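The structure under discussion appears below in the form of structure tokens.
Here the structure is a predicted model, which means the values were calculated and not measured.
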Amino acid sequence: MRFYEYEAREIVRRAGIPVTEFGFATTPEEAKAAAEKIDGPSVVKSQVLSGGRMKAGGVQFADTPDEAAAHTVDVLKIEIGGQMPRGVLVDTKAEVEQEYYAGVVWDGTAKQPVIIFSPVGGIDIEQVAEEQPDKVGRRHISNLRPLTGFEAKEVIASTGVTGSELNKLVPIVTKLAQLFIDYDMTLAEINPIGRLPDGSFIALDAHMDMENEARGRHKKLLAELGVGDDETREAREPTAFELAGEAVDSEDHRGVAGNVTEFDGNLGLVIGAGGGSLTLFDAVRAHGGKPANYCEIGGNPSVSKTCGLAKLVLQKPGVDKIAVMMSIVSNTRVDIVARGVIKACLELGMDPAEKIAIFRIPGAWEEQGFLILDAYGVEYADRSVSMHEAAKRAVEKIGAGS
Amino acid sequence: MRAEGIFIAVEVEDGAATDAALAAKLTEVCPVDIFAVASSGELELVDKNIDECVLCRLCLDAAPEGAVTIIKRYDNDSQL
């Protein structure tokens, strides 16, 4: 779940990191009032969740409050990345001697947060990493215990920053890491941190993404920021395919089958169970497969719900076959899932033996499930076949068929 | 009375199907709503739910022996 910049700035401020004076405005009058508080030149920034604001004209500089109000009228009319702005951030136009970068991001491979720091800020960190790799410091950190100042110091110092700059940056990076953990973020980034002429440091821009599943743990913060329960805050709008998946899931209270994410591959996935979705998705990719979708299935969905999901995936343009795979399941019945996916094929006039590349769901009621799969000639595997091996077989099958 | 899904078939003896008390009982026990009570009070089989049968045997336990039969069509029409 992505935060608007004005919300991210507030989160940074609450963490005790110095920020410039700023205000959020939805009208020219509010923008003028915010600029008057700043008492100096200001920047009016469109509040959208996509990038490319500067290029689109969504960032304007103002010398007076009246000018800030006038810019607000213009900026609020500009659509950026398919989104109309929620409002504008009226920010102090700070005099900066040098810009730095600090970020904490979840490393899905290491399954740990990683701190990234650079004395070259204000531009994409990816660009810095490519052009000046010695100017980017990284370190994985624990997500259980607080980051120590020493650990932050090591990362910053590895980029050549020394002396009082180093000492002043350490608390900022330490607090950013703590904020990341406290609020279950997947990304917490300050870019840039500005060094002002008096030698102090201040956060000039911030980006925050919170783990969606953690929203319930942070209801107080979200309420205080004005984030509505119905706001998805995804980086992009859901596709028609994804909305159709949600519809499948909401039609029947039994189990989960419909949380889908669209990709452009040719192997449809009906996958799930206790982290199985992520493992299986990665396994398919590791073997050179091209998933048409990600999905989550589990909690014992009904036959009709499983059938609805399988139909959706089977009918997705570009899908040649589907792979039905789960980790070992304790409550989701193998026979019910088998019925659902086979029924989907039959109702679409497809041959299950042809369309289902592999069925690998070991667990509850698997004997009945395997009888059903046998009856329709579908290749299946029991628990003696690993998830990776099953994914490999599915990829090989689709390779042979394409 | 018989209704068929792709995987499951359900048969109810004609005499049992007209028993209003049994119809109500079967409707109550089936967790996936395969049975319903018609306005006449007789038993109805809900076609769209036949394949949802979870093989729980609650209907078999609720009915007199042989009154209800659950058939697994995918297993050579074996009976539950």
Side-chain angles (χ1 to χ4, degrees), chain A residues 248 251-255 257 297 299-311 314 324 329-353 355-356 359 361 363-380, chain B residues 1-13 16-17 22-39 43-63 65-80:
Chain A
V248 168
E251 277 171 14
D252 190 331
H253 68 279
R254 290 169 287 187
I297 182 170
N300 233 353
S302 62
V303 173
S304 59
K305 194 162 175 173
T306 308
C307 176
L309 171 65
K311 272 182 163 177
L314 280 163
V324 184
V329 291
S330 54
N331 65 334
T332 297
R333 284 178 48 166
V334 178
D335 60 331
I336 299 295
V337 179
R339 284 189 217 171
V341 294
I342 288 173
K343 191 170 189 176
C345 293
L346 297 175
E347 289 186 356
L348 293 172
M350 298 169 173
D351 178 1
K355 278 292 167 183
I356 301 174
F359 185 104
I361 306 183
W365 291 71
E366 65 182 12
E367 298 85 1
Q368 292 296 315
F370 296 162
L371 283 173
I372 295 168
L373 296 160
D374 270 332
Y376 288 89
V378 176
E379 181 183 338
Y380 61 88
Chain B
M1 173 186 275
R2 178 182 168 102
E4 286 185 355
I6 296 171
F7 308 99
I8 301 291
V10 179
E11 286 180 357
V12 181
E13 279 186 345
L22 180 59
K25 201 170 179 184
L26 289 172
T27 302
E28 183 186 346
V29 299
C30 180
V32 292
D33 299 333
I34 286 173
F35 304 98
V37 180
S39 54
L43 185 69
E44 263 186 359
L45 294 175
V46 182
D47 286 339
K48 73 179 176 69
N49 290 338
I50 299 295
D51 277 331
E52 299 287 353
C53 176
V54 291
L55 311 177
C56 65
R57 308 184 68 97
L58 289 174
C59 56
L60 303 185
D61 293 342
E65 192 171 343
V68 176
T69 308
I70 303 294
I71 299 157
K72 294 187 274 185
R73 301 189 67 200
Y74 57 86
D75 187 19
N76 299 314
D77 284 342
S78 65
Q79 293 183 12
L80 181 65

- Message: Out of B/I8, B/L55, B/V32, B/N49, return the one with the most heavy atom pairs under 4.5 angstrom to chain A.
- Response: B/L55
- Message: For residues 70-80 of chain B, give me every residue with a non-hydrogen atom less than 4.5 Å from any non-hydrogen atom of chain A.
- Response: B/K72, B/Y74, B/D75
- Euclidean distance, A/I336 CD1 relative to B/F7 CZ, rounded to 0.5 Å: 9.5 Å
- Just by distance, do the side chain of B/E52 and the backbone of A/S302 share a donor-acceptor pair under 3.5 Å? no
- If you count the non-hydrogen atoms of other residues, nucleotides and ligands that lie under 6.0 Å from CD in A/E347, is the total more than 12? yes
- Message: Under 4.5 Å from any heavy atom of chain B, what part of A/D374 do you find: side chain, backbone, both or neither?
- Response: neither
- Got a donor-acceptor contact below 3.5 angstrom from the A/R339 side chain to the B/I6 backbone? no
